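Have a look at the structure below, then the notes.
Small disclaimer: the values here were computed from a predicted structure and weren't measured.
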Amino acid sequence: MELLYKSTRSADKTVTASYAILKGLAEDGGLYVPTAFPELDVPMEKLAGMSYQEVAYEVMKLFLTDFTEEELKSCINSAYDEKFDTEVIAPLAYADGAYYLELYHGRTIAFKDMALSILPYLMTTSARKNHVKNEIVILTATSGDTGKAALTGFADVEGTKIIVFYPKDGVSPVQEKQMVTQKGDNTFVVGIRGNFDDAQTGVKKMFGCADLNAALDAHGYQFSSANSINIGRLVPQVVYYVYAYAALVHNEQIKNGEPINVTVPTGNFGNILAAYYAKKLGVPIAKLICASNKNKVLFDFFTTGEYNRNRDFYVTSSPSMDILISSNLERLIYQISGQDAGKDAELMKSLNETGTYTITDDMKKELADFYGGYATEEETAQAIHDLFAKTGYVIDTHTAVAAAIYKKYVAETGDMTKTVIASTASPFKFSRSVMTAIKGDVSQYSEFELVDQLAAISGVSEPAAVTEIRTAPVRHTTVCEKNEMEAVVKKFLGIQ
């Protein structure tokens, strides 16, 4: 049965999965969502015996119904190969009462690789299916990890260009070095003087600018997105929650049908939304624990029902979560409103104009499966320190936010349901913050000296992604003001 997609802000038009992937963002500014949720049609006992690639096919075929079996399997097998440094792609590690789903074994050592390794293949396949003649320009804002993963995925992919904007002073040194050393004649990286929300707002504005899009078309280009607003990013993320449950069953750590909780560190809400979609597929997920850092706009939303971005913005040790406008939350808002596109559009208009909106009591009741928590910088560092002291297992700053919230949740509720924590980045990506948490003051050491120390204490080899940037030359030096983003794009594409 064909599954179609529609915008969260208007119900009058449906499109295929491949069209939604190509567009990225709907023409009315909404996000594409499936018209209905499919259900897993393979028993969990069978999924438990499958490889990651096989599970990926069984999940993605339900959402991407206009892809043939051959097309989809080709995309999957091209994405999940030796680019990952572990054969199982997403291993589970048990430490101090929780299962850490390690999503950082791809080329850029962050969870974004799980989706951005396959998106270029989905995108180019979608372009062929829709007879696209224009060159696709991937336009992306990043808080640190999406940018590098997207650049790596799309570098030198025929028929594409990729432009990444990042907050100049809002990412870790390793994250920045990964991006500005990126190879590929079709890649362009720009630091903006502002924060991630400024970058994301600028990108969305360009997507919605009719004059700019007409100019692009006249020059043989069209925009698409590699952010998690693109359904082609979100669907591959659903896979690893299904795989994690199947792996726990396979390893006899849970019984088939036994509920689990999932804890996810989040800023833009895409990663935990993927867990929610997995639950909709039929995976027995009980509680979805949404972990925020000091930028706790999501915690406040789940606590009060009000979303309010009118607040101070903090630069933290978990920069990929330093976000006040959580774009993917719109997909959840649409769902809990009873798929009321008019209501969603009204709330998003309020957010755009006033910086805030409040959901109804009935909508708030639909959030019963979610629990929101937040961790301070001190609590985040303590979580890294304590887990290492107790078990020798090292986690990064984002995963530490989730670990801290998981402990708070258990203490508050007494719920001992077995829990999967999404481990979203390698600790080597944030070696200074991680080593400070473990050892105290390390200001006398360079970034790469700390990488060496981290490898020594953890017993884990330095990832190739870090080794590569030790001596890599800087190739991207463009920096602009947030109101200059469109001009920078035009210059790169040769549009006057």
Verdict with supporting geometry, D322 and N295, side-chain hydrogen bond (donor to acceptor under 3.5 Å, both in side chains): CA-CA 6 Å; D322 291 346; N295 293 294; 3.1 Å; yes

Test side-chain hydrogen bond (donor to acceptor under 3.5 Å, both in side chains) applied to S423 and E102, step by step: CA-CA 5 Å; S423 187; E102 295 182 351; 5.9 Å; no

side-chain hydrogen bond (donor to acceptor under 3.5 Å, both in side chains) between Q200 and N268, intermediate numbers included: CA-CA 10 Å; Q200 182 170 248; N268 214 21; 3.3 Å; yes

side-chain hydrogen bond (donor to acceptor under 3.5 Å, both in side chains) assessment of Y121 paired with N77: CA-CA 10 Å; Y121 299 101; N77 293 331; over 6 Å; no

Worked verdict on D113 versus K83 for salt bridge (Lys or Arg N to Asp or Glu O under 4.0 Å): CA-CA 10 Å; D113 289 323; K83 289 191 288 291; over 6 Å; no

Side chain to side chain contact (heavy atoms under 4.5 Å, CB included) assessment of F196 paired with I325: CA-CA 9 Å; F196 169 75; I325 304 172; over 6 Å; no

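In this structure, the ring of Y277 has its center less than 6.0 angstrom from the ring center of F37. Aromatic ring centres of Y245 and Y241: separated by at least 6.0 Å. Taking the centre of each ring, F299 and Y374 come in below the 6.0 Å mark. For F430 and H398, the ring centers sit closer than 6.0 Å to each other. Centroid-to-centroid, the aromatic rings of Y100 and Y393 come within less than 6.0 Å.
Residues V297 and S326 come closest through the heavy atom pair CG1-OG, 4.3 Å. In terms of heavy-atom proximity, A422 sits nearest to L103 at CB-CD1, 4.2 Å. Residues S224 and I136 come closest through the heavy atom pair CB-CG2, 3.8 Å.
Classification of K287 and D369 as a salt-bridged pair fails, no side-chain N sitting under 4.0 Å from a carboxylate O. With salt bridges taken as basic N to acidic carboxylate O contacts below 4.0 Å, none links E58 and K46. Residues K73 and E69 are paired through a salt bridge, judged by an N-O separation under 4.0 Å between the basic side chain and the carboxylate. Ionic pairing of K61 and D41 is present here: one or more N-O contacts between side-chain nitrogen and carboxylate oxygen are shorter than 4.0 angstrom.
Looking at residues two or more places apart in sequence or on another chain, you find a side-chain contact (heavy atoms from CB on, under 4.5 Å) between E447 and P173, V174, S431, R432. Checked against salt bridge (Lys or Arg N to Asp or Glu O under 4.0 Å), D145 has the following partners two or more places apart in sequence or in another chain: K429.
A side-chain donor from one of S318 and N293 sits under 3.5 Å from a side-chain acceptor of the other. Using modelled atom types and a 3.5 Å distance limit, the side chains of E412 and Y371 yield a donor-acceptor pair. Side-chain contact of T8 with E330: a donor-acceptor pair under 3.5 Å is present, judged by distance alone. Counting only N and O atoms by type, the side chains of D415 and Y409 include a donor and acceptor under 3.5 Å apart.
With a 4.5 Å cut-off on side-chain heavy atoms, M123 and I138 count as touching. L47 places a side-chain heavy atom less than 4.5 Å from the side chain of L40. For the pair Q178/L151, no side-chain contact is recorded, criterion being any heavy-atom separation below 4.5 Å from C-beta on. Between T376 and K294, every side-chain heavy-atom pair lies at or beyond the 4.5 Å cut-off. Counting heavy atoms from C-beta outward, V239 and Y52 have side chains that approach closer than 4.5 Å. Proximity of D96 to K407: side-chain heavy atoms (C-beta onward) are separated by under 4.5 Å at one or more points. At least one side-chain heavy atom of I231 sits less than 4.5 Å from a side-chain heavy atom of R331. Residues E176 and Y166 have side chains in contact (heavy-atom distance under 4.5 Å, counting atoms from C-beta outward).
Just one of L62, V42, L72 meets the side-chain contact (heavy atoms from CB on, under 4.5 Å) condition when paired with Y57; it is L72. Only one option out of K177, R475, K148 pairs with Q182 in a side-chain hydrogen bond (donor to acceptor under 3.5 Å, both in side chains); it is K148. Tested against L31 for a side-chain contact (heavy atoms from CB on, under 4.5 Å), the candidates L25, I333, N230 yield a single pass: L25.
Under a cutoff of 6.0 Å and an axis angle of 45°, K296 and F301 do not form a cation-pi pair.
At most 12 heavy atoms of other shown residues, nucleotides or ligands fall within 6.0 angstrom of atom NE2 in H250.
Considering CG of N308 and CG of L351, their distance stands at 9.0 Å, rounded to 0.5 Å.
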